[in-house]
Novice: 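The structure is given below, and queries will be raised subsequently.
Only heavy atoms go into these numbers, but all of them, side chains included; no hydrogens, no water, no symmetry mates. Throughout, protein chains are lettered first and strands after them, A, B, ... in sequence-line order, and every chain is numbered starting at 1.
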Amino acid sequence: MQGGSGQNSGSIDKTRVLDVKPLRTLEPVFPNSGQATSFDGACPTGFYSFFPFGASQGPQASPPRVPMPTPLRSFRSSDTGEAEFPGASNGENTDSHAAPNKSKSSKKKPKISQDLQVDVSSLLGIGKNEREDGNRELVILLLMTFDGLRRRISQLEDSKELTLGLSKRADMRAGNILMSAGIRTNMRKRIGAVPGVEIGDIFFFRLELCIVGLHSQSMGGIDYTNMGAKNESDPVALAIVSSGKYNDNTEESDILIYSGQGGDKGDDQKLERGNLALDRSLRQKNDVRVIRGMKDQMSSTSKVYIYDGLYKIQDSWVEKGKSGGGVFKYKLVRVPGQPRAFAAWKSIERWKAGIASRTGLILADLSSGAEKIPVSLVNDVDDEKAPGYFTYLHSLRYSKSFIVSNPYDCCNCQKDCIPGDLNCSCIRRNEGDFPYTGNGILVSRKKLVHECGPSCQCFPNCKKRVSQTGLKYRMEVFKTKDRGWGLRTLDPIRAGTFICEYAGEVIDRAKVSWNGNNDEYVFDTTRIYHPFKWNYEPKLFEEAGLNDSSEDYNIPSPLIISAKNVGNVARFMNHSCSPNVFWQPVSYEENSQTVVHISFFALRHIPPLTELTYDYGITRSDSTVSQSTPRWKKKCLCGSSKCRGSFG
DNA sequence: GGAACCTCAAAGAA
DNA sequence: CTTCTTTGAGGTTC
């Protein structure tokens, strides 16, 4: 039964591998797709301008690739037959084969690290200098690379295509692949700020902190070093992660009471290691980076970490702990003059709880109940009272003529669609991949993501209906300083999270008047979009044996949506040349017709109060647009270092 | 749905 | 090179 699509997916994989250019293609710089060549932007550098692209040519062109000893991914197709890896015995218990290092190296530790055959770190532009000292682009690149790997591993684990007999820890495996390949930065230990990491940045895994060099202990709460202290033999504290475990909270968000480490069995904590470092830093008065961890309100199981900037240790004492032993306490006070981070979160909590009022609040719910959670309208910049009139609609309005494809077979899954179950027609339609991870995070970009719809047999809470559940995060429409109204989030958002769809009326191309600003509030998939890679380096995935579903960058499905008269929050999202949101066509069946929607997903982690932006693309200057109308452009005010100057 | 417990872990320091 | 230290995050149970 799995035969058909199993083979199918196998062949898809092959094309994909072939499709992966041996060189880091630097898409934006040297466009290699038809779509990209028509891009006429002046400075299409995207994130990766720092790549020494000459270097990317070298390492792979010449040395023939030695195949991975045992690619993790080798079992993907092995359950439909061992053709690909005759050596692998049958699918079921992959464990003994999946960890080849287990038998080779010491008995206890099944080492999962991969020795990558190709120096992927240099493909990513990470040389010795970058490993030592970071910069903003590198930090963003690394975080995105990490999460792309993590999502892919998670996806494979969910569909049982990847098991190592270990607990499901995609974060650790992704981290391990990067760390062992030297794909990391800021390894040089330093007191104070870390280049490329900004106050307010958020993280969802401890390993992310390691990779960007903010806090190098993978678990330990106190990062310290022996270098840099006045007295050479003494350690100094560099960074702490306050996990909330020890009741570190105080009422004032600029003060942190931090507990020392050790002594959990009722013993007294000792003045050694991290505790000693904190003690010495108290005397030396050096800056200590503080990362505050707290529960992620969206998923009770996971945690969010926020970098709250520099603190100084002001005091320390010993208290009796819960289990009777002495516990060191350290009082940390935030260095003044830094941007608000943790404190801002606290304020948001109070607004959301209705304890404190929001300055400039005009409307508590712009959607008038159309969304399940309120969308506030705020202006603390000037006295404009509201954006132009429109009707709030949470989804698409379309007429019959725009429905392109025919209805398809809905799946017959009981309750939930199970990742890896190729009997599910909706999964088959996604080339055998379950497009989302268990907690509803998009794994990679596709031409089209197929979701289950109302006629599918699975329950409405099936994990393949991510984009049909409306807003989940608190959003705020707000007046920007110079770009009219904008949209921002009040909640932290993880990379890959569905944010909202572009709601409005599906319209005919002829109805769009292209002169003047009449196409404001129009979304058009046929514009020319700045190509970008979300899961950056296909080579890395391939090397790690993960067969990256090399992402589709050519997104078809011509669709024009006008949100001028009716629409949702998406109509307020502004353009940016280095955006934090991207769009993705998603289809599902409604009223016996397949309808394509445009869904927005978080490109990277987005801290609260950050404006949400996506790339508007460029109007195609082809025959469908009247030649008499001059193409207009708007001056871009996105303020990004990669700004292309204009858009539209 | 969520607290309370259990378990296997990775990286750096020693 | 090994051992030790740390506690994160997923799983299970009630």
Novice: Less than 4.0 angstrom between a side-chain N/O of A/Arg206 and OP1 or OP2 of C/dG8, yes or no?
Specialist: yes
Novice: By nearest atom, which of the nucleotides C/dG8, B/dA3, B/dG12 is closest to the A/Arg184 side chain?
Specialist: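 Taking heavy atoms from C-beta onward, the closest nucleotide is B/dG12.
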Novice: Taking atom types as modelled, find out whether A/Ser316 and A/Lys331 have a side-chain donor-acceptor pair closer than 3.5 angstrom.
Specialist: no
Novice: If you pin A/Thr301 and A/Gln217 to their nearest nucleotides in DNA chain C, which one's is more 5'?
Specialist: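 Looking at the nearest nucleotide for each, A/Gln217 comes out on the 5' side.
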Novice: Checking contacts here: which listed nucleotide (B/dG12, B/dA9, B/dA14) is nearest the side-chain heavy atoms of A/Met219?
Specialist: B/dA9
Novice: Rounded to the nearest angstrom, tell me the gap between atom CD1 in A/Ile291 and atom C1' in C/dT7.
Specialist: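 So the two atoms are 15 Å apart, to the nearest Å.
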Novice: Would a distance-only check, ignoring hydrogens and angles, find a side-chain to backbone donor-acceptor pair under 3.5 Å from A/His605 to A/Ala495?
Specialist: yes
Novice: With respect to the side chain of A/Lys295, which nucleotide from B/dA3, C/dA9, B/dG12 is positioned closest?
Specialist: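 Given the options B/dA3, C/dA9, B/dG12, the side chain of A/Lys295 is closest to B/dA3.
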Novice: Can you tell me the distance, in whole Å, between the CZ atom of A/Arg169 and the C1' atom of B/dC6?
Specialist: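 It works out to 14 Å between those atoms.
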Novice: Once you apply a heavy-atom cut-off of 4.0 Å, does A/Lys270 come out as touching a base, just sugar-phosphate, or nothing?
Specialist: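 It contacts nothing in the nucleic acid.
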Novice: Quick one: A/Arg173 CZ to B/dA10 P, roughly how many Å, whole number?
Specialist: 10 Å
Novice: I'd like to check A/Val466 versus A/Leu442 (side-chain heavy atoms, cut-off strictly below 4.5 Å). Are they in contact?
Specialist: no
Novice: Which comes earlier along DNA chain B counting from the 5' end, the contact point of A/Ser218 or that of A/Lys189, where each point is its nearest nucleotide?
Specialist: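 Mapping each residue to its closest nucleotide by heavy atoms, the 5'-most match is A/Ser218.
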Novice: Can you tell whether the side chains of A/Asp147 and A/Arg604 come within less than 4.0 Å, N to carboxylate O?
Specialist: no
Novice: By nearest heavy atom, map A/Asp171 and A/Arg273 onto DNA chain C; which one lands nearer the 5' end?
Specialist: A/Arg273
Novice: Nearest of B/dA14, C/dG8, B/dG12 to any side-chain atom of A/Asn226?
Specialist: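 Minimum distance to the A/Asn226 side chain belongs to B/dA14.
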Novice: Let's see if you can work this out: which of C/dA9, B/dA10, B/dA11 has an atom nearest to the side-chain heavy atoms of A/Phe205?
Specialist: C/dA9
Novice: Within the pair A/Tyr224 and B/dA11, is there a side-chain N or O less than 4.0 Å away from OP1 or OP2?
Specialist: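 For B/dA11, neither OP1 nor OP2 has a side-chain N or O of A/Tyr224 closer than 4.0 Å.
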Novice: Please give, in whole Å, the distance from B/dG12 C1' to A/Arg188 CZ?
Specialist: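 So the two atoms are 18 Å apart, to the nearest Å.
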Novice: Under 4.0 Å, heavy atoms only, any strand: does A/Asp223 hit a base, just the sugar-phosphate, or nothing?
Specialist: nothing
Novice: Taking CE from A/Met172 and C1' from C/dG10, how many angstroms apart are they, rounded to a whole number?
Specialist: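 One finds 10 Å between C1' of C/dG10 and CE of A/Met172, rounded.
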Novice: Tell me: CD of A/Glu157 to C1' of B/dA9, nearest whole Å?
Specialist: 13 Å
Novice: In whole Å, what is the span from the CZ atom of A/Phe146 to the C1' atom of C/dA9?
Specialist: 12 Å
Novice: Expressed in angstrom and rounded to an integer, what is the separation of A/Glu208 atom CD from B/dA11 atom P?
Specialist: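 Answer to the nearest Å: 15 Å.
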Novice: May I ask you to decide whether A/Lys352 forms a salt bridge with A/Asp491, counting only side-chain N to carboxylate O separations under 4.0 Å?
Specialist: yes
Novice: Can a donor-acceptor pair be found between the side chains of A/Ser253 and A/Arg292 at a distance below 3.5 Å?
Specialist: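 Result is no, nothing qualifies.
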Novice: May I ask you to evaluate whether A/Asn176 reaches the phosphate of B/dA9, defined as a side-chain N or O under 4.0 Å from OP1 or OP2?
Specialist: no
